[in-house]
Every structure is written in structure tokens, then in C-alpha cells.
Amino acid sequence: MTTSASLPTGSEAAISTGGSVTDRLVEANEQYAAAFTDPGMDARPVLHVAVVACMDARLDLHAALGLELGDCHTIRNAGGVVTDDVIRSLTISQRKLGTRSVVLIHHTGCGLEAITEDFRTDLEMEVGQRPAWAVESFRDVDQDVRQSMQRVRTSPFLLHTDDVRGFVFDVRTGLLREIDPAQPPVEPS
């Protein structure tokens, strides 16, 4: 039985019509470039903000936040967690490209809530080498946003840590819910 969920639609249909996915993306880029004009922008974000978010394909950050090309720096990874590499990117963003604000966005239904650090052990068993990186999985999305805000606020490399705010994006409603950094985690009963 075929369901509508299994049928390609929109960009997925265009990508699946022949060749590899990368071939289709390159073809789409050629069409984009044919109409492209240099916007004459600087690399410095107009709004002086860096957004750190999950790489989840359901998050269209520019649309959800009302952003245009050139408005912000966008840093994405699995979970939107603040890792050493995120601190590296934020440090460059602030110190060399003028950002002053940091917005952190996690989301409901994140895949990192369904895996554990055992993923690293599984990889080691499969490929014979343990990854040097942490999975950064979590069980409580609100608490992980608080932890990410704390990592940004306490980094010695960042110049601007007074405007750091964290949110959870609801993938069903599209709404952001702000997380209070001071609220302590709820103990399980």
C-alpha cells in the first residue's frame, strides 16, 4: 500500500527524478546562479546576531524568525547544542564579524532525545575506532537549552554574553517558547 507520506512532493520530487541527489542540487544551483545578482553585502550580519540551532530539516529558521539574507550568522549541528566548535564559530562571529546577540534554538521531537552516548560505543564496535566527539544527547530539551546558554555565557572567548536567549521551537505549531535560564531543572518524582 502506498501512502501520501511515501510519495515525493515538492523539492523531494524534483530531486528524485533522475541522477543522484547531489546532481539534482548542482542542477538547481545552476538555475539559481543564472538569475543571481551580487547583493553587494558584507559578511557582517546586519542584525548583529548569531543563531545556533539544530540541523533538523523541519526548521526553516529564516522563515520562522522573519530573517532575510544577510541578517544573521546561522550555526547548525545535531541538537543545536553548544559544543567547542560552536564556541569557535561564535567567537569568530563576535570578534571578527561584529555580532553581539546569541539566539539558541532547540526543538520538540529532537532525535538527540532518542539516542545515548552508547552511540559512540556502537560506532567503535562497527568501525574499530571510538569517535573523539561526544554525542551530546539529552532527555530534557529545556534543561539542554539552559546548559547551552550557560556554556555561551561562561566562555572566556566570547566578548558579548549579556544578550543570550534560548528557545524551544515546536515543530507542530511553529511557535518558539522561551526558556528561563534561571529556572532549576525539575527533579523526577
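Quick caveat: nothing in here was measured; it's all calculated off a predicted structure. Values below: every heavy atom of this structure, side chains too, minus hydrogens, waters and symmetry copies.
The closest donor-acceptor contact from the side chain of R146 to the backbone of A182 lies at 3.5 Å or more, if one exists at all. Within the 3.5 Å criterion, the main-chain N or O of D144 finds a donor-acceptor partner in the side chain of S148. Checking side-chain atoms of R58 against main-chain N and O of V171 turns up no donor-acceptor pair under 3.5 Å. Judged purely by atom type and a 3.5 angstrom limit, E178 has no side-chain atom pairing as donor or acceptor with the backbone of R165. Judged purely by atom type and a 3.5 angstrom limit, Q94 uses its side chain to pair as donor or acceptor with the backbone of L159. For the pair R177 (side chain) and V168 (backbone), a donor-acceptor distance under 3.5 Å is absent. For T99 (side chain) and S93 (main-chain N/O), a donor-acceptor pair under 3.5 Å exists by modelled atom type. Judged by distance alone, the side chain of R95 and the main-chain N or O of F157 form a donor-acceptor pair under 3.5 Å. Using modelled atom types, one side-chain atom of H73 and one backbone atom of A43 make a donor-acceptor pair closer than 3.5 Å. Distance alone, capped at 3.5 Å, is enough to place a donor-acceptor pair between the N77 side chain and the V81 backbone.
Looking at V164 and L158, their side chains never come closer than 4.5 Å, going by heavy atoms from C-beta outward. Contact annotation: the side chain of D85 approaches that of R88 to within less than 4.5 Å [non-hydrogen atoms, C-beta and beyond]. L176 is listed as a side-chain neighbour of L65, based on a closest heavy-atom distance under 4.5 Å. A 4.5 Å side-chain heavy-atom check between D71 and V49 finds every atom pair outside the cut-off. No side-chain heavy atom of N29 sits under 4.5 Å from any side-chain heavy atom of L25.
The minimum heavy-atom distance between V82 and R151, with the atom names listed, is O-NH1, 2.7 Å. The nearest pair of heavy atoms linking P45 to C72 is CB-CA, 3.6 Å. Of all heavy-atom pairs spanning G166 and V145, the tightest one is CA-CG1, 3.6 Å. Of all the heavy atoms in C54 and C110, the pair that sits closest is SG-SG, 4.2 Å. Shortest non-hydrogen contact noted between L69 and H62 is N-CD2, 4.4 Å.
Neither side chain, H48 nor R100, offers a donor N or O lying under 3.5 Å from an acceptor on the other.
Residue-environment remark: CG (D84) stays at or below the threshold of 12 foreign heavy atoms within 6.0 Å. In this structure, E117 places its CD atom where more than 12 heavy-atom neighbours from other residues, nucleotides or ligands lie under 6.0 Å away. Within a 6.0 Å radius of CE in M125, other residues, nucleotides and ligands contribute 12 heavy atoms or fewer. Remark: E68 CD is loosely packed, at most 12 non-hydrogen atoms of other residues, nucleotides or ligands lying under 6.0 Å away. Under a cut-off of 6.0 angstrom, the local environment of OH in Y32 is sparse, with at most 12 non-hydrogen atoms contributed by other residues, nucleotides or ligands.
Cluster annotation: F167 is not connected to V102 through the hydrophobic network of ILVMFWY side chains, with a link wherever side-chain heavy atoms come within less than 4.5 Å. Taking hydrophobic clusters as Ile, Leu, Val, Met, Phe, Trp and Tyr residues chained together by side-chain heavy-atom distances below 4.5 Å, L59 shares a cluster with V51. No continuous path of hydrophobic side-chain contacts links L47 to V52 [ILVMFWY only; heavy atoms under 4.5 Å]. Hydrophobic clustering of Ile, Leu, Val, Met, Phe, Trp and Tyr side chains at less than 4.5 Å, counting indirect connections, unites I105 with L67. Hydrophobic clustering (ILVMFWY, side-chain heavy atoms < 4.5 Å, transitive): V152 and V86 are in one cluster.
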Check the pair L112 / V135 against side chain to side chain contact (heavy atoms under 4.5 Å, CB included), numbers first and verdict last.
-> CA-CA 8 Å; L112 282 186; V135 175; 4.0 Å; yes
Please test R139 against T116 for side chain to side chain contact (heavy atoms under 4.5 Å, CB included), starting from the C-alpha separation and ending with a verdict.
-> CA-CA 9 Å; R139 296 280 180 247; T116 67; 3.1 Å; yes
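Rounding to the nearest 0.5 Å gives a distance of 12.0 Å between OG1 of T83 and CH2 of W133. Within the model, atoms CG of L104 and CE of M149 stand 7.0 Å from one another, a figure rounded to the nearest 0.5 Å. Expressed to the nearest 0.5 Å, how far CG of D140 lies from NE2 of H106 amounts to 10.0 Å. Here CZ of F138 is found 9.5 Å from CD1 of I115. Values are rounded to the nearest 0.5 Å. With rounding to the nearest 0.5 angstrom, the CD atom of Q150 is 10.0 Å from the OG1 atom of T161. To the nearest 0.5 Å, the span separating NE2 on H160 from CG on L90 amounts to 12.0 Å.
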